[in-house]
Amino acid sequence: MKKIILLLFAALSVCCATAAPTAMDFVKNGKAKGRIVIANGDSTSLKAAELLRDFVERISGASPAIVDGSERKGDIVVGRGSTEGLTEDGFRLENRNGCLYISSGGDKGALYGVVTLLENYLGVAYYAPGALDVPKSKSITLPAINHHENPAFRYRQSQNYGLGSDPLYKIWFRLEEPRDVFAGGMWVHTFNRILPSDRFGAAHPEYYSLINGKRRPGHASQWCLTNPAVLEAAAAQIDSIFRANPGKSMISVSQNDGNFTNCHCPECAAVDEYEGAISGNYIRFVNKLAERFPDKQFSTLAYIFTMHPPKHVKPLPNVNIMLCDIDCKREVPLTDNASGRDFVRALEGWSRISDNIFIWDYGINFDGYLAPFPNFPILQKNIQLFKKNHATMHFSQIASSRGGDFAEMRTYMVSKLMWNPNLDCDSLMRAFMQGYYGKAAPYIYQYEKLLEGALLASGKELWIYDSPVTHKDGMLKAACRNRYNELFDQAEAAVAGDKKLLDRVRLSRLPLQFSELEIERACGITDRDRVAAQLARFEERVKEYGVPTINERNNSPVDYCHLYRNRYLLERPLNLASGAKVTFGEAPSGRYAAPGATALTDGLYGGATYVESWIGWEGKNGDFTIDLGAVKPIGSVSIDCLHQLGAWILLPKGMKCSTSIDGKTFTPLGECYLPEDRDVSVKFVEFKVEKTAEARYVRVEVEGTLECPSWHYGVGHPSWFFIDEVTVN
């Protein structure tokens, strides 16, 4: 009988030990019943405990004690509990023995466990900077919880202006920054930071790429990776960087930002041919560094000319491949168009030889932050694709500058999908809109969905360097814009009594208003008063909401408005060249040759992107003659040029003008030369010759830079210059 009782007692003990978790009262009537216990005293657990106490106090007014030691019934214990199955940043929330345990798989797991407790169980919602909703209740009862999570990617990086204004933003959205991981901030495009060309270039030009028969030291040039001296010099610099950054074990040793600026010397070319990909040289080089520093991680770019993997060499386990999909279009998932499928082939190739892949994905229009970019339907599928192919780190570059297209929602959704790619994307969008826009949400949701559908129906590509003008006959055609504006009018009316919500709606309307201005000026402004009013409203809003930039080159929206008035709304003097016939001595390049005959004299001035109104020459000079139709008195000749270094568009060196009565004999009129401009801002620059003459024909000879100089991204390769209009007064 005694044996049976003992067995029964043992069975009951097992049942008690494995019993389902029960609810617990943590705060009652404004007073804390439990404490927050730090189990191991580490700094992350302390931060997590302080974060929890802060929000408990915001919710209930109670301020539970934070103690270090043993727990008692009713406590929340941070940093102790089961860690089985948890990975880095993972966590477990579990009621057991009358306590709630928040256990961590390492790094920031305890912090993320607290965030999940607040978000999922205490009703706190954080949507965007300035949009943090905290419920109020004198009592806090924690339900029965047995919940654990692991992140899909061990490193998750994105962008939002909130990262610079609120320390909580980064924690709440579980984001990391390069400075958290990379020694000395060395992440991407680091060749020139490791071996600066202004320090090594003069004495050792052989360290740098041979391009078109010449060594090209420069901040955008690559290294000659088959030169043993480069390896030794780089290794010495890298050793110093690690010594100066104790505790950091990862560094990026990666190509400078430039297209096809790799070395073409015979030794490098032989490796390229054997490996079947330019990346072979880079992996061989970084592998040698990884062997020298076996306790460190070396990240290197697979970017543009190194995107595809080599045939033979394989990255060592401590070599991280940062694979970039910069050239892919965004209207459909990467698996569904030609540019995306090329990237997928590269991704699958790398995944066959590496389990250490860092994806750099691009998700906004960098030439127009304030332009609609309806790529939300592809986010989940692409992130799932990355995860499937062994990616362990992920950077979603979406800018999220204030005023940018759905900047707040974009980071909200991307950050959650990087943590868990299986979340329902539409539910995330609806949840964000409901919390952020309130009663305006249904109308803004309709707007975004109509935009997405109109993009697909148009058959137009969505590109990360584009203009709204590209979509003027598609998702941004007049009928669509009318409907979008109706929806925003309804959205504003729905929250008219709540300034905070109304401001959020109006901030989100800016991309539509920007697009209308761009389309108006590109199509030829017919109603100046109406467009001037639209511009005034846009300027008022960007000032009110502190919108800092319209593109990645940091062009100010206020400057844009001033430029718009002076460039597109200005009443200009009569242009004698308007509609004149143009013949070319040296024709524009490629696709620009055909429209060049009319675009130079059509009266339409181009915008900050080169996709419309501009005519370009690549790697050569320009030469054209304008027929004014009759002999006329002239006083000046000018050309309007685009300066956009990021697209390899440099200002020409200068121009020469000559005139003729008969079109055969030309007399020099004058010339104009301007100094080199290295400013990264997008700008419009006039070249002008002022001199009187009588002429029917005006010849303009433009001297280009021909090739990108040593300081430019495209060092050694052909450069462009662009003209949109020729004016003869």
Side-chain angles (χ1 to χ4, degrees), residues 9-86 89-126 132-150 167-168 171-172 174:
F9 179 78
L12 289 171
S13 298
V14 171
C15 288
C16 290
T18 60
T22 57
M24 56 179 275
D25 292 326
F26 189 64
V27 175
K28 193 76 170 179
N29 297 323
K31 293 184 178 180
K33 295 188 67 177
R35 308 168 301 166
I36 302 173
V37 179
I38 304 173
N40 53 26
D42 69 282
S43 60
T44 301
S45 293
L46 178 59
K47 288 180 183 177
E50 291 172 341
L51 179 64
L52 178 58
R53 179 171 63 181
D54 176 32
F55 274 91
V56 167
E57 190 168 2
R58 295 196 209 190
I59 294 169
S60 67
S63 183
I66 297 176
V67 300
D68 188 355
S70 301
E71 66 269 28
R72 65 191 185 200
K73 189 175 181 180
D75 289 343
I76 297 178
V77 186
V78 180
R80 182 180 299 155
S82 172
T83 60
E84 183 180 356
L86 298 182
D89 286 345
F91 61 85
R92 177 172 283 108
L93 306 176
E94 182 180 17
N95 291 108
R96 183 164 44 82
N97 301 326
C99 297
L100 176 66
Y101 292 87
I102 304 176
S103 54
S104 169
D107 200 10
K108 301 179 184 66
L111 275 167
Y112 300 149
V114 167
V115 168
T116 297
L117 176 66
L118 296 171
E119 192 169 41
N120 291 8
Y121 300 97
L122 298 185
V124 181
Y126 195 3
L132 175 65
D133 293 344
V134 181
K136 301 296 183 182
S137 175
K138 288 294 184 181
S139 298
I140 295 176
T141 299
L142 299 175
I145 304 173
N146 189 352
H147 178 92
H148 77 277
E149 294 182 18
N150 286 318
L168 177 62
I171 295 169
W172 197 275
R174 308 174 190 190

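Below, all heavy atoms of this structure are taken into account, side chains as well, without hydrogens, waters or symmetry copies.
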| message | Treating Asn150 as the side-chain partner and Gly85 as the backbone partner, does any N or O pair qualify as donor plus acceptor under 3.5 Å? | response | yes
| Would a 4.5 Å heavy-atom cut-off, applied to side chains only, mark Arg58 and Leu132 as touching? | yes
| request: Go through Leu118 and Val134 one step at a time and tell me if the side chain to side chain contact (heavy atoms under 4.5 Å, CB included) criterion holds. | output: CA-CA 9 Å; Leu118 296 171; Val134 181; over 6 Å; no
| message | Using side-chain heavy atoms (C-beta onward) and a distance below 4.5 Å, is Ile66 in contact with Arg35? | response | no
| request: Give me the ring orientation class for Phe55 and Trp172: parallel if the planes are under 30° apart, tilted from 30 to 60°, perpendicular past 60°. | output: tilted
| Closest heavy-atom contact between Gly109 and Ser104? | CA-OG, 3.4 Å
| request: Say whether, by atom type as modelled, one donor and one acceptor occur between the side chain of Asp75 and the main chain of Cys99 under 3.5 angstrom. | output: no
| task | Hey, could you give me the CG/OG distance between Leu122 and Ser137, rounded to the nearest 0.5 Å? | result | 9.5 Å
| task | Report the distance from atom NZ of Lys108 to atom CD1 of Ile171, rounding to the nearest 0.5 Å. | result | 9.0 Å
| field | CA sep, side-chain torsions, deciding dist, call: Ile36, Phe26, side chain to side chain contact (heavy atoms under 4.5 Å, CB included) | value | CA-CA 10 Å; Ile36 302 173; Phe26 189 64; 4.0 Å; yes
| said: Tell me whether Ser103 contacts the main-chain N or O of Ser82 through its side chain, where contact means a donor paired with an acceptor under 3.5 Å. | reply: yes
| said: Taking the side chain as everything from C-beta on, heavy atoms only, tell me whether Arg72 gets closer than 4.5 Å to Val77. | reply: no
| Which atoms form the tightest heavy-atom contact between Tyr121 and Pro143, and what is the distance? | CD2-CG, 3.7 Å
| Exercise: identify the closest heavy-atom pair between Arg96 and Tyr101 | O-CE1, 3.2 Å
| Would you say the side chain of Tyr126 lies within less than 4.5 Å of the side chain of Glu119, judging by non-hydrogen atoms? | no
| field | Between CZ on residue Arg80 and OG on residue Ser70, distance to nearest 0.5 Å | value | 6.0 Å
| task | Any chance you could measure Asn97, atom CG, to Lys73, atom NZ, to the nearest 0.5 Å? | result | 10.0 Å
| query | Would a distance-only check, ignoring hydrogens and angles, find a side-chain to backbone donor-acceptor pair under 3.5 Å from Asp42 to Thr44? | reply | yes
| task | Take Ile59 and Ile140 through the side chain to side chain contact (heavy atoms under 4.5 Å, CB included) test and state the conclusion after the steps. | result | CA-CA 8 Å; Ile59 294 169; Ile140 295 176; 4.1 Å; yes
| For Gly61, does its backbone N or O pair with a side-chain atom of Lys138 as donor and acceptor, under 3.5 Å? | no
| query | Above 12 or not: heavy atoms from other molecules or residues under 6.0 Å from NZ of Lys136? | reply | yes
| Could you walk me through whether Tyr112 and Glu149 pass the side-chain hydrogen bond (donor to acceptor under 3.5 Å, both in side chains) check? | CA-CA 9 Å; Tyr112 300 149; Glu149 294 182 18; over 6 Å; no
| task | Hey, could you give me the CG/CD1 distance between Leu100 and Ile102, rounded to the nearest 0.5 Å? | result | 5.5 Å
| Between Arg92 (side chain) and Glu84 (backbone), is there a donor-acceptor pair under 3.5 Å? | yes
| request: Report the distance from atom CG of Asp54 to atom OG of Ser63, rounding to the nearest 0.5 Å. | output: 9.0 Å
| Of all heavy-atom pairs between Gly79 and Ser45, which one has the smallest distance, and what is that distance? | CA-OG, 4.1 Å
| Test side chain to side chain contact (heavy atoms under 4.5 Å, CB included) applied to Leu51 and Leu111, step by step | CA-CA 8 Å; Leu51 179 64; Leu111 275 167; 4.2 Å; yes
| said: Is it the case that the side chain of Asn120 and the backbone of Leu117 share a donor-acceptor pair, with hydrogens and angles ignored and the cut-off at 3.5 Å? | reply: no
For residues 27-34, please give each side-chain donor-acceptor pair under 3.5 Å, one per line with the distance, not counting sequence neighbours.
none

| query | What is the minimum heavy-atom distance between Val56 and Pro64, and which atoms define it? | reply | CG1-CD, 3.7 Å
| Does a side-chain heavy-atom distance below 4.5 Å link Val37 with Asp68? | no
| task | Report yes or no: does Asp25 contribute a side-chain atom to a donor-acceptor pair with the main-chain N or O of Thr141 at less than 3.5 Å? | result | no
